[in-house]
Amino acid sequence: MAEIKHADGGKETHTPAKYIPTAVFVAVAALLYWFWAVPYRAALGYREQLQLFQTTGAYFLSLLPRPGGMATYIGEFLTQFFNNYWIGAAVMSGMLTLFLLACYKTVRLLAPAMRKYPALALAFIPLIALLLFLGNPDVTMNFTVAITSVMWASCLYLRIDTANPTAKPHAVMEYIMMTVLTPLLYWLCGPVTIIFTLLAIASCSKNPGHSATYKALFAIISLLWLSANAWIWSLTLPYPLSYQLIGIGYMMQPDRLYAGQLIVEILCVLVPVMAIAMARLPQKIVVPSLVGIELIALLALYSKSYDSATYRLIDYDYMVRANDWEGILRYSDAHQPNLPLSVSATNLAAAMTGQLDAIAFNYPQHGPEGLIPPFLKETLSSWNTGEIFFQLGLINSAQRFYFEGMEAIPNYNKSSRAIRRLAETAIIRGDYTLAEKYLTMLRNTLFYKNWAQRNLDLIRNPKDVENHPLYGTLRKRMIDEDYMFSEGELDKTLGQLFLKDPTNTPARQYLILYPLLQRDLNKFAQYMGVVAEADPRYNPLLAQQALAFISMKNGQQIPQGAVPESVVNQLRGFASAWTGKNPDLIEPYRRSLFYYLLSEE
């Protein structure tokens with residue numbers, strides 16, 4: 001059985017224990033797969049919907065003439081698989097595992113005296129930093145691809161550089177590799193090439209065969225050569241130099257440098273250099289110490305990196321996109337919605353399941369803005385409101401909000417989600433020329449091409465559109481008369497929707513709830529009368545509660561036939577608690593229409 005002696009005097013034998021690192025990599029890959037497939041699957045969908053990767057030569061060529069263009073192309077190619085979270089989780093976990101393996105190889109090559117277990121423990125430091133940084137939704141897959149590629153290129157350089165460190169041609173080889181790989185990597189991966197440059201300098205500096213003068217010259221020339229590449233590219237790019245130095249395509253915010261990015265890049269260099277100094281330390285002390293520090297850092301920084309409020313909004317957006325109405329209601333039961341997007345998503349889900357006029361006040365309400373949020377120049381908010389308009393039948397407004405949401409994407413990407421919905425709004429409106437434009441774009445994608453082709457075939461026969469279960473229904477709901485759309489008078493628009501199609505259940509529920517959220521009982525009575533004319537049997541729970549409240553407020557007898565005894569008893573219990581001003585007695589009614597009408601919350 002072969003033995004390997006290490007600097008600390010220990011021996012590493014080729015026993016079954018040598019497979020432990022392999023087992024660790026497999027376990028990490030499995031854990032990362034679960035992480036992205038289960039609790040953070042919505043984060044994958046969020047990233048996928050903010051791009052439109054097209055499988056055309058023109059799209060490929062459009063990305064190449066910039067630093068990191070190839071990393072962007074590969075990153076976007078991989079991101080499109082996030083459309084299916086099971087596949088997307090495999091892609092993400094695979095890339096992160098490759099990054100860990102590259103870090104491990106780099107440590108072993110730069111510090112060959114370090115034993116494999118301390119090297120593996122050290123390699124986890126950059127991985128944890130990258131995983132925490134990915135908690136920022138602005139980080140794209142392009143950055144992960146770029147930094148992983150640079151780490152593997154560094155491994156290649158170190159393997160060649162350390163093969164014959166004392167040979168005479170070694171110095172020439174170092175300069176040749178540095179001179180060739182630096183511009184190549186900068187073109188393919190972008191500014192993370194600084195990692196390669198610094199690791200090359202570190203490898204040169206630890207070589208005892210080089211003089212101090214040689215080491216200093218190599219470091220200076222390497223850094224100047226990298227800087228020269230950045231300067232040359234800046235002469236041809238239509239971007240500010242700051243965009244190039246941050247990394248074009250690394251972040252959704254192209255002009256923002258996050259501390260997390262710097263930390264990951266620094267650790268990719270610092271950890272292998274640390275390995276040189278730590279190679280002689282006892283393994284029994286190094287491994288437990290590193291693992292303990294890493295676990296403490298991970299636990300301390302996890303909640304800050306993966307902010308729960310942010311990811312709840314991403315979860316809501318993911319379910320709205322999937323039209324998972326029952327899932328939204330279950331999610332809201334577990335996590336009370338408290339922001340306009342989450343409240344409006346919950347209200348939409350309740351309306352689409354026919355329950356809004358019964359359970360609206362089971363959840364916190366924030367006035368009419370929680371029913372239909374006003375326009376904001378922000379992507380998720382615009383798309384959420386656009387989806388509400390789409391389901392109600394306000395197709396023109398849905399088109400505007402989805403388009404504006406796409407235009408609000410910080411890095412100016414097109415969006416697969418928005419383009420698909422814009423194609424649908426164009427089909428419903430009968431604008432088949434515009435629909436064909438959007439569908440042609442989607443036909444050049446991997447996951448949407450079949451859907452796009454089906455709809456291209458559909459619009460060639462307008463009668464098929466009329467009979468389509470979704471497009472035909474929404475076309476009939478559209479208001480076909482000219483009217484003044486005003487966000488301040490959405491209740492009038494809802495009324496027009498209902499009068500156009502009394503079977504439009506979501507519009508009817510929104511029409512009834514809107515004045516109640518305004519605490520305008522007179523307007524509620526007026527709208528309820530209009531609805532009752534179309535359907536005399538319509539008497540939902542909120543209408544019963546509102547009628548009982550109005551009757552008690554006006555000192556009138558509560559109509560027994562219209563209001564069941566259970567509602568009357570609930571109102572009397574609330575009235576007694578409210579007049580007694582006892583918070584403990586009021587608390588059970590906090591999620592009720594009665595409390596909402598009298599409170600100022």
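The chain is numbered in sequence order, starting from 1.
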With sequence neighbours excluded, tell me which residues meet ring pair (Phe, Tyr, Trp, His ring centres under 6.0 Å) with [X].
X: F60; value: Y73
X: Y316; value: Y331
X: Y104; value: F25

Where do [X] and [Y] come nearest, in terms of heavy atoms and distance?
X: W187; Y: L64; result: NE1-O, 2.9 Å
X: D324; Y: G327; result: OD1-N, 3.0 Å
X: R591; Y: N362; result: CD-O, 3.5 Å

[X] [atom1] to [Y] [atom2] distance, which is reported to the nearest 0.5 Å:
X: I128; Y: L301; atom1: CD1; atom2: CG; answer: 10.0 Å
X: L158; Y: M151; atom1: CG; atom2: CE; answer: 8.5 Å
X: L313; Y: T310; atom1: CG; atom2: OG1; answer: 6.5 Å
X: R256; Y: S242; atom1: CZ; atom2: OG; answer: 14.0 Å

Strictly below 4.0 Å, N to O, side chains only: are E76 and R47 in salt-bridge contact?
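Salt bridge between E76 and R47, a charged N being under 4.0 Å from a carboxylate O: no.
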Taking NZ, NE, NH1 and NH2 as the nitrogens, is one of them in R312 or D307 under 4.0 Å from a carboxylate oxygen of the other?
no
Please tabulate, for the side chains in residues 34-41, all donor-acceptor contacts under 3.5 angstrom to protein atoms that are two or more places apart in sequence or on a different chain.
residue	atom	partner	partner atom	Å
Y40	OH	Y302	OH	2.6
R41	NE	A37	O	2.9
R41	NH1	Y85	OH	3.1
R41	NH2	A37	O	3.1

Can you confirm if the aromatic rings of F53 and Y59 lie within a centre distance of less than 6.0 Å?
yes
Indicate, with yes or no, if the rings of F81 and F447 have centres closer together than 6.0 Å.
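Here the rings of F447 and F81 have centres that are less than 6.0 Å from each other.
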Answer yes if the side chains of [X] and [Y] hold a donor-acceptor pair under 3.5 Å, and no otherwise.
X: N207; Y: E174; result: no
X: Y318; Y: Q49; result: no
X: E48; Y: S416; result: yes
X: Q80; Y: Y448; result: no

Quick one: side chain to side chain donor-acceptor pair (under 3.5 Å) pairs with a partner in residues 86-97, sequence neighbours left out?
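Every candidate side chain to side chain donor-acceptor pair (under 3.5 Å) pair involving residues 86-97 fails, so no pair, neighbours aside, qualifies.
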Atom pairs and distances, side-chain donor-acceptor, residues 130-143, under 3.5 Å, sequence neighbours left out:
residue	atom	partner	partner atom	Å
N136	OD1	D138	N	2.9
D138	OD2	Y258	OH	2.6
T140	OG1	N142	N	3.2
T140	OG1	G249	O	2.7
T140	OG1	Y250	O	2.8
N142	ND2	G249	O	2.8

Around atom NZ of K377, are there more than 12 heavy atoms of other residues, nucleotides or ligands at under 6.0 Å?
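Result for NZ/K377: enclosed.
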Looking at F390, is R421 sitting on its ring face, NZ or CZ under 6.0 Å from the six-membered ring centre and within 45 degrees of the normal?
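That pair qualifies as a cation-pi contact.
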